[in-house]
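What follows is a set of notes on a single structure, which appears directly below.
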Amino acid sequence: MSNTDQSQSEQQQVRHEKLAQLRELGVNPYPYKFDVSHLAADILKNESLLKDDETPPSDAQKVSVAGRVMTRRIMGKASFFTVQDSTDTIQIYIRRDDIGVEEYNTIFKKLVDIGDFVGISGFVFKTRTGETTIHAESFELLSKTVRPLPTPKEVENEEGEMITYDAFSDKELRYRQRYVDLVVNPDVKDAFVKRTKMVQAMREFMNEKGYLEVETPILQPIYGGATARPFVTHHNALDMQLYLRIANELYLKRLIVGGFDGVYEFSKDFRNEGLSRFHNPEFTQVELYVAYKDYNWMMDFMEKMVEHVAKTLHGSTKIKVGDQTIDFKSPWPRVPMFEAIRKETGFDLYEKNEEEIKVIAKELNIHVEDGMGKGKIIDEIFGEYVEGKLIQPTFITDYPVEMSPLAKMHREKNGLVERFEAICNGKEIANAFSELNDPEDQRRRFEDQVRLGKEGDDEAMAVDEDFLRAIEYGMPPTAGIGIGIDRLAMIMTNSDSIRDVLFFPLMRPE
RNA sequence: GAAUCGGUAGCUCAGCUGGUAGAGCAGCGGCCUUUUAAGCCGCGGGUCGAGGGUUCGAGCCCCUCCCGAUUCACCA
C-alpha cells in the first residue's frame, strides 16, 4: 500500500504526514538502537531506585526504558504518558523545561502518537497519588507507527476490580491481527507464556529421565500412526505424492527398533478435518516411546509429568478451569472403558459381537452408519455417554482391538488391547498403549484397516511395509504415548477455545 | 455440514414502527508544569460486510453471497 493510498483512514493519513514532518526536522523516525538499562517490571518492583525529593539523582538511580506509548495526558508544559515494554507498563513524567522546547512542543506533543516506540532516560520517583513514575530527562522516538492502535483503558474501581473500557474484543480481529491482540490485551501474552513454560517443563521432565528429543519427517510417503484424513502435497523433483504427517508414531517406533531406549518429539501434526473450538488443522502433540515398559508404567509416568507441569505453572496441583477446579495430583483414577460405559449406560459391552452392539447403540440413540465397525460404534457410545462427564483427570483403559490397530493385545482380556486415554475436562488429552511389536499381528491389523477402508472408512490406515520390515527386525516391549499439547494448554490456561492457545489459528482468507 | 447470533468511524457500541448516520474513547486546533478513563472549549472523520430486489425513500424489509462467534455433528 502506498502512503497516498485513498483507502487510508484520516488517522493514517495524519500519521504519514507526521512521519514526513519528522524527516523534515531531521529526526530519523526509525533509528537503529537504544540502550535499555531497565525493564518496567523491575523498576516497579525495585524500591531502591526511588529518588527522594531532596537529593539529585545518583548515577545508580538513572534508568533507560523503551517501549510503546500507550496513553497520554498532556497538561500544557508537562505531560504524563505510559510506556509498555515486554514486562509491564510504566508511567513517564515529562516536562518542557527538562527536555527542551522543540523536543517537547513539536516532537513529543505534536508528532508522537499512541503506539509509537520511544526510549526514555531519567530517574524514578513517586507521584502525589503514589504511582511509581520515571521523570524523563531525555526522550527519543524509536519507531513511528502509521496505523492507530486500539486504545483500551483499564481502571481500578473501589472494589479493586479492573474495569476495561473499549477493550479490543472482536475475536475475528484478535485472531487475524494477533500482533495487535498481544499489544493491547496483556492476558493474551500470559496464556502463551504459560504454554511455552508448559512445554519446557515437559521437555525438562523427559530429558531428566534420559529420553532423547528427536526430529522425524513431516513429509511422509505413507501417512500413519493415527486415524485421520491427511493433507496431500507433491514433491516436484521426485514427482512423488507426499502427505503431511498426521502423527509421528511409526517413525519414533522405528527409532526404538534402532536401539534408543526413549525418544520423544514435540510434533506439529496436520489433519484435514473441520475447525472447531477444539480442533485446528495443524496442532501439536508430544509423542514419547520408552523401551521395556508397558502402558501401566506409562500411566504412572503421565500423571507424574502432568502433576509436575501443573505445579510448575501454578504452584499447585489444583487449577481453576471454567467453574470447575481440576486437581492433577497423582494417582489418577484408572477405569476400564467397558466399566465406564456400564456405569453410565447400564450396558456391558464386553465380549459382545457387532450385531449385539448395534442393537444396544440403537437403544442408546447412537446414530450408526454402515461401515462404522464395532470399534467405532463403541467409541461413539463412549463419546456420547462417558467422555464429557470426566472432568477430573482419568485414565480410561483397555480398548477394543478394532479401534486400536497399533496397540498390543491385552494380556488377560479377550478382544481388548492395552491402551489408555487420559481424559480431562471432558476431552481426551492423551492416548497411549503397550505398543504392538508382534510383526505378524501388526500385519493382520493393517490388513483389517485396509478392509475397513474398502468398506468406506476414509480414515482407515494404509499398510506401511517399511514399518513392518522394521518391527520384523525386532522391537522391544515398548510403551508409547501422545499428549495433546494444545488441549493441555487450554486446561492449564483456562482457555475455552484452542484458538486462544495458538498464536495464529487457521482463518479463512480476509 | 446444520442451526442461532452478529458485521455501522481507528476501537467499543447505539440507531424505535423504513424518513438526510450517533455517542464515548482515539484523532485534529486551542488552554493547562504531579495527571491517571486527566479536565475544559472547538472541529473533522462512514461504500452502515458485498451484490441484487421492494419502496417516493433502505443501516433497518426481502433474496443471494462473503466473513466471524457460539452450539451441534466428525476428528485429537
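Note on naming: letters A, B, ... go to the chains in the order of the sequence lines (proteins, then strands), and numbering restarts at 1 for each one.
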Pair partner, [N] [Watson-Crick or wobble, under 3.5 Å]:
N	value
B/G45	none
B/G39	B/C31
B/A3	B/U70
B/A14	none
B/G57	none
B/U20	none

If you check the [X] side chain, which of [options] turns out closest?
X	options	result
A/Thr151	B/C28, B/G10, B/G68	B/G10
A/Tyr175	B/A76, B/A69, B/U34	B/A69
A/Asp166	B/C25, B/C67, B/G29	B/C25
A/Ser497	B/A76, B/U70, B/A73	B/U70
A/Gln91	B/A76, B/U35, B/U12	B/U35
A/Met507	B/G68, B/U34, B/C28	B/G68
A/Ser169	B/C13, B/U34, B/C67	B/C13

Assign [X] to base, sugar-phosphate, or nothing according to its heavy-atom contacts below 4.0 angstrom with the strands shown.
X	value
A/Ala167	sugar-phosphate
A/Ile114	sugar-phosphate
A/Gln285	nothing
A/Asp170	sugar-phosphate
A/Asn280	base
A/Phe168	sugar-phosphate
A/Arg229	nothing
A/Ile74	base

In whole angstroms, how far is the [atom2] atom of [N] from the [atom1] atom of [X]?
X	N	atom1	atom2	value
A/Asn365	B/A73	CG	P	13 Å
A/Lys171	B/A69	NZ	C1'	7 Å
A/Glu387	B/A76	CD	P	10 Å
A/Ile94	B/C32	CD1	P	18 Å
A/Lys109	B/G29	NZ	C1'	12 Å
A/Met70	B/A37	CE	C1'	14 Å

Before you tell me yes or no, could you show the steps for A/Glu428 and A/Arg487 under salt bridge (Lys or Arg N to Asp or Glu O under 4.0 Å), namely the whole-Å CA-CA distance, both residues' side-chain angles and the distance that decides it to 0.1 Å?
CA-CA 8 Å; A/Glu428 177 190 340; A/Arg487 293 270 174 93; 5.8 Å; no

Between [N] and [M], how far apart are the two [atom1] atoms, rounded to whole Å?
N	M	atom1	result
B/A9	B/C66	P	23 Å
B/A14	B/A3	C1'	28 Å
B/G44	B/A50	C1'	28 Å
B/U12	B/U55	P	37 Å
B/U54	B/G59	P	16 Å
B/G42	B/G6	P	37 Å
B/C11	B/G45	C1'	14 Å
B/C72	B/G57	P	46 Å

For [N] and [X] - does any side-chain N or O of the residue sit under 4.0 Å from the phosphate oxygens OP1/OP2?
X	N	value
A/Lys153	B/A38	yes
A/Arg499	B/A69	yes
A/Thr227	B/A76	yes
A/Lys110	B/C28	no
A/Arg73	B/A38	yes
A/Arg508	B/C66	no
A/Arg147	B/G10	no
A/Arg277	B/U71	yes

Geometric class of the A/Phe139/A/Phe108 ring pair [parallel <30°, tilted 30-60°, perpendicular >60°]
perpendicular

Once you measure the plane-to-plane angle for A/Phe395 and A/Trp332, does it fall in the parallel (<30°), tilted (30-60°) or perpendicular (>60°) bin?
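A/Phe395 and A/Trp332: parallel rings.
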
Result of checking A/Arg195, A/Arg277, A/Lys268 against A/Asp486 for salt bridge (Lys or Arg N to Asp or Glu O under 4.0 Å):
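Only one of A/Arg195, A/Arg277, A/Lys268 forms a salt bridge (Lys or Arg N to Asp or Glu O under 4.0 Å) with A/Asp486, namely A/Arg195.
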
Does the ring centre of [Y] sit less than 6.0 Å away from the ring centre of [X]?
X	Y	result
A/Phe123	A/Tyr93	no
A/Phe231	A/Tyr243	no
A/Phe433	A/Tyr295	no

Where each residue is assigned the nucleotide of RNA chain B containing its nearest heavy atom, which of A/Leu173 and A/His135 is assigned the position nearer the 5′ end?
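Final value for this comparison: A/Leu173.
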
Would you mind telling me which residue lines up with the more 5' stretch of RNA chain B, A/Arg271 or A/Gly76, judged by nearest nucleotide?
A/Gly76

Would A/Phe80 pass as stacked on B/A38, i.e. its ring centre under 5.5 Å from the base's six-membered ring centre and planes under 30° apart?
no

Less than 3.5 Å between a donor and an acceptor, one on the side chain of A/Glu10 and one on the base of B/G27, is that the case here?
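Per atom types, no contact qualifies.
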
With hydrogens left out and only the distance checked, is there a donor-acceptor pair under 3.5 Å joining A/Gln11's side chain and the base of B/A26?
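Donor-acceptor pair under 3.5 Å: yes.
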
For A/Ser267 and A/Arg245, test the side chains for any donor-to-acceptor distance below 3.5 angstrom and give the result as yes or no.
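Indeed, the side chains of A/Ser267 and A/Arg245 share at least one donor-acceptor pair under 3.5 Å.
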
Look at the side chain of A/Asp170 and the backbone N and O of A/Glu172, then say whether any donor-acceptor pair between them is shorter than 3.5 Å.
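Side chain of A/Asp170 to backbone of A/Glu172: a pair is present.
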
What residues from residues 378-385 of chain A pass a heavy-atom cutoff of under 4.0 Å to RNA chain B?
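Close to the strand are A/Glu380, A/Glu384.
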
Close side-chain approach of A/Thr89 and A/Val83, heavy atoms under 4.5 Å:
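Answer no - side chains too far apart.
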
Are A/Arg445 and A/Glu402 within salt-bridge range, i.e. N to O under 4.0 Å?
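No.
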
Just to verify, which of A/Ile423, A/Asp398, A/Ile396 counts as forming a side chain to side chain contact (heavy atoms under 4.5 Å, CB included) with A/Val335?
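Exactly one candidate clears the test, A/Ile396.
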
